[in-house]
Asker: 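Have a look at this one.
Sequence lines set the chain letters: A, B, ... in the order given, protein chains first and strands last, and positions in each chain run from 1.
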Number of protein chains: 4
Amino acid sequence: MVKAAVHLFTEKGFHRTTTREIAKASGFSIGTLYEYIRTKDDVLFLVCDSIYEEVQTRLQSLLTDDTKGIERLKNAITSYFQVIDEMQDEVLVMYQEVKSLPKEALSYVLEKEVEMTSMIEEVIRYCVREEVVFLTEKQVKLAAHNILVQGQMWTFRRWSIQKLYNIEDYTKLQIEQFISGITKAQVAD
Amino acid sequence: MVKAAVHLFTEKGFHRTTTREIAKASGFSIGTLYEYIRTKDDVLFLVCDSIYEEVQTRLQSLLTDDTKGIERLKNAITSYFQVIDEMQDEVLVMYQEVKSLPKEALSYVLEKEVEMTSMIEEVIRYCVREEVVFLTEKQVKLAAHNILVQGQMWTFRRWSIQKLYNIEDYTKLQIEQFISGITKAQVAD
Amino acid sequence: MVKAAVHLFTEKGFHRTTTREIAKASGFSIGTLYEYIRTKDDVLFLVCDSIYEEVQTRLQSLLTDDTKGIERLKNAITSYFQVIDEMQDEVLVMYQEVKSLPKEALSYVLEKEVEMTSMIEEVIRYCVREEVVFLTEKQVKLAAHNILVQGQMWTFRRWSIQKLYNIEDYTKLQIEQFISGITKAQVAD
Amino acid sequence: MVKAAVHLFTEKGFHRTTTREIAKASGFSIGTLYEYIRTKDDVLFLVCDSIYEEVQTRLQSLLTDDTKGIERLKNAITSYFQVIDEMQDEVLVMYQEVKSLPKEALSYVLEKEVEMTSMIEEVIRYCVREEVVFLTEKQVKLAAHNILVQGQMWTFRRWSIQKLYNIEDYTKLQIEQFISGITKAQVAD
DNA sequence: CATGAATGAGAGTTCATTCAT
DNA sequence: AATGAATGAACTCTCATTCAT
C-alpha cells in the first residue's frame, strides 16, 4: 500500500490523490483500505514513517564501518547520498507532503528528522574527536544540517541538478567542497 | 490578494485554503476574486510569481555593489539570506506549494528559479574571473545551487535551525564554511 | 424545506431519508441545502423546532378565550386536539424522531415540551382555583401529562384509533372520561 | 442476542447501532450473527417480537386472578404498569423503533399490539358485564387505548414523569383518575 | 460450523466555479 | 463593476452483507 501511495503521491501529490485511487493501486477495495487506516491522513503518515524507517535503517547499517578519520565521514556521506538516490520518489514525496500531516503526526515525524540529524552530527563529532577537523559544536550542527539538505536537494532540485551530474559526480563534488569547508573552517573561526 | 493568500497558505497550505477564504481575506467577494483569476491555481501562480519577482528585484539591486573579489560574493550571500529572512513566509509557501502548480505554470516558475541560480552563478564566476577562487564550471553551478538551497533551508528547517542561530550567526557560519569550501576546492580537484 | 422534510420523514423516517432527497423535495440543490444547514441533524432540529413553535403559537392564541370554569378546560383540550389533528404528520414525525437529535438540541426541544406541559397545567390549575375541580398539585401535573399524550396518541396510534373515531368523537369521548376522572378524583383522594 | 441488541438500541437507537456491534455484544462473530438473521431489520423484528411475547405472557398470567368487579381491573392495570416498569428499556426501544420495521414485519407487530389492546378491552368489558361500570363499546375501546398508552408513557416521558412519581404513586394516581373517569362516564354520556 | 477479511454501494459534506442581479 | 446564492461533481468514510477458508 505504501509503495502504491508513494507512486501516486509522486505523480499527483497527496491532495490530488483520492482514497479510491490509493485503494485501487494497492490492489484492494476502498473498504479494505479502510481496514488498515482510519483516515486518509493515516496513509501519509504510514508513508512518511516507513520511509524514515528505511532510510534510517539503511543509514545505521552503513555507519558501522571501521574506517578511520575523514574517510569515515566521506563514506557516510556517500552512503547517505546513495540511499537518497535509490529512494528518490519516496524522499521527494516525504519532504513535499510532511506539512500536510496532522499536528501530532508531524511532531512524531520531525522527531525522526531530529534523530537523523543527530546521526550525521555524531559522525562529524567523531572527526572532531579524532582531531582531523576542528569545529565548534555550533559548526558541527550546521554542517550536519547542510549534509542532510544536500542529500534531499538531490531529489527536490532534480529537474536541474540531475541534468548536470550523476549521483557519483554529485557526491564527489559535494564531498570535496564540504570537506574543504570544514577542514579549513578552523582557520576562519 | 497575494499577501492575504500567502498568509492563508502559510497557515493551512494551498489545498486546505478555500477560495472563499482567499476572497474574504483579500477584502473581495468571491465574485470579484474571480474577476482577477480564472481558477484557484491562478492564485498560487500569482503568489509564486510575485514572490520570485520581489526576491529577484531585491537581489538584483543588491548585486550592483561595487566591492571587489571575495567580498562581493560574501555581500551577495548576506543580502540573499537577508531577503529570505525578511520574506520567510513567502519563501516557505512557495517551495512547499510549487509542485501543485499546473504543468505550464510550473515550467514558467522553474525558469525563474533557473534565472536566480544564474544570478548566483554569475557572482561566483566573477570571483573565478578575478582569480580569487578556482572552480570549474561544474563546481560553480553546484556552488550556486548550494547557496540557493542554504537560503531556502533557513525557512523550511526553521523549526530546528532558527532555534540554534539567528540570521546573522547563520549567515556568518554558512559563509565561513562555504568560502573555505570553494577557496580550497581547487586543491582537491 | 421543513415542509418537504416532514413529508419525507413521515414516509421513510429521518435515517432513511437522504440529504439529497431533502434538497430535491425542497426544490434546491444539495449545495444550496447546505447553505441553510450545517449537518443533517440540523434539518431534524429545524423541523422539531418549527413544529413546536407552531403548535405552541396556535395553542397560546386559543387559550386566551374568556369562558369560565370547566368550559375553559374543555375548550382548551378541544383546541389542542384540533391542532394536533391538523398537524398530524408533523407531530408524528416529531415524536418519533426527537430521540435522534444530538444531545444539546434534545435538551432544547425537551424544554419546549416542558413549556407546553406547563401551559396545560395552568389551564387545569385555573379550574382548581375556580374550585370546579379539586386536585392536588401532583394530580394536576399528571392530568396535564395525560392530556398531552392523549393528543399525541391521536397520531401515533392512528392506524387503530382513527379507524374507530373521527377527531370530534375522539375529543368528545376523551373529554368525557377525563373530566369525570378529575372531577371525581377529589373523592378518591 | 436480543438482550444485547436492546441494550445497544437503548443507547444509540437502531440506526446508529451497527451489525458489528450487535454481533460483538452478543458474543458472536459477524458471520455467526448472519446465521441467525438475514438482514439487520430482522434483529429489530426479533427484538420487538420477543418483547411483545414477554409482555403478553406476563400479562396473561396476571390476568388469571380470581378477584371480582372493579378490583380485577385495578389489579390488571397495576400488573401491566409493573411489567412496563420492569421492562422499561425494552418497551422504550420497541415504541421508538417499530416504525423502522419493513412493512410486512410492521403489520405482524401491529397485530400483536391489537391483541394486547383486546386483552385490556376484555378486562374492561368484564366490568361492564358485571355492571360495575357502564360504558358503550366505543368507550371501552378508548379506555383500553388509554390504559395501554399510559403504561407506555411511563417510559417515553420518563425524563419528566419519573422525576415526579415512583411507579407505585404513578399507578395509584392513574388508576384513581381512570376509574373515576369510567365509572362516572355513564352519567356524562 | 464458525469466522472475519473483503466488498462496494451509498451516505454526508465540501467547495471551485458560474451567472443573474 | 461587484455580488453572493446557487450548483453539482467529487470527495472521504461507513457499514450491511457475503463467502472462501
Asker: Please report, rounded to the nearest Å, how far the C1' atom of dG10(E) is from the NE2 atom of H15(D).
Answerer: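 Nearest whole value for this atom pair: 14 Å.
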
Asker: May I ask you to verify if any side-chain N or O of T19(D) is less than 4.0 angstrom from the OP1 or OP2 atom of dC15(F)?
Answerer: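 Negative; the distance criterion is not met.
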
Asker: My understanding is that a pair needs two contacts under 3.5 Å, Watson-Crick or G-U wobble. By that rule, which nucleotide pairs with dT18(F)?
Answerer: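 Pairing partner, where one exists within any strand: dA5(E).
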
Asker: For the pair made of CG in L8(C) and C1' in dG12(E), what is the distance, rounded to whole Å?
Answerer: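 Distance, rounded to whole Å: 16 Å.
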
Asker: Identify whether the distance between the nearest side-chain nitrogen and carboxylate oxygen of R16(A) and E11(A) falls below 4.0 Å.
Answerer: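 Looking at E11(A) together with R16(A), the answer is no, because their closest N to O distance does not fall below 4.0 Å.
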
Asker: Checking only heavy atoms, does the side chain of R16(C) share a donor-acceptor pair with the base of dG10(E) at less than 3.5 Å?
Answerer: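 When only heavy-atom distances are counted, R16(C) does not reach the base of dG10(E) through any donor-acceptor pair under 3.5 Å.
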
Asker: Rounded to whole angstrom units, what separation is found between the CZ atom of R20(B) and the P atom of dT13(E)?
Answerer: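 So the two atoms are 16 Å apart, to the nearest Å.
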
Asker: Here's one to test your reading of the geometry: is the NZ or CZ of K40(C) within 45 degrees of the ring axis of F14(C) and under 6.0 Å from its centre?
Answerer: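 Yes; both conditions hold, so K40(C) lies above the ring face of F14(C).
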
Asker: Compute the centroid of each ring, for F45(D) and then for Y108(D), and state whether the two points are separated by less than 6.0 Å.
Answerer: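 Yes, ring centres under 6.0 Å apart.
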
Asker: Starting at atom CD of E21(C), determine the distance to atom P of dG10(E), rounded to an integer number of angstrom.
Answerer: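 In whole Å, dG10(E) P and E21(C) CD are 12 Å from each other.
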
Asker: Kindly state which residues belonging to residues 25-46 of chain B come within less than 4.0 angstrom of DNA chain F, counting heavy atoms of the residue only, listed by number.
Answerer: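 By residue number: S29(B), I30(B), G31(B), T32(B).
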
Asker: Are side-chain heavy atoms of Y52(D) and E113(D) found at a separation under 4.5 Å?
Answerer: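 When only atoms from C-beta onward are counted, E113(D) and Y52(D) do touch, with a gap below 4.5 Å.
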
Asker: Which label fits Y36(D) and F28(D): parallel for a plane angle under 30°, tilted from 30 to 60°, or perpendicular past 60°?
Answerer: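 Rings of Y36(D) and F28(D): parallel, under 30°.
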
Asker: Rounded to whole Å, how long is the line connecting atom CD1 of I22(C) with atom C1' of dT13(E)?
Answerer: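 Interatomic distance, CD1 of I22(C) to C1' of dT13(E): 13 Å.
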
Asker: For T18(D), answer base if it contacts any base atom (sugar-phosphate contacts may also be present), sugar-phosphate if it contacts only those atoms, and nothing otherwise; contact means non-hydrogen atoms under 4.0 Å.
Answerer: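 The answer is sugar-phosphate, as T18(D) gets under 4.0 Å only of primed atoms, P, OP1 or OP2.
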
Asker: What I want to find out is whether D89(D) reaches K3(D) closely enough, with some N-O distance under 4.0 Å, to be called a salt bridge.
Answerer: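 Answer for the salt bridge query: no.
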
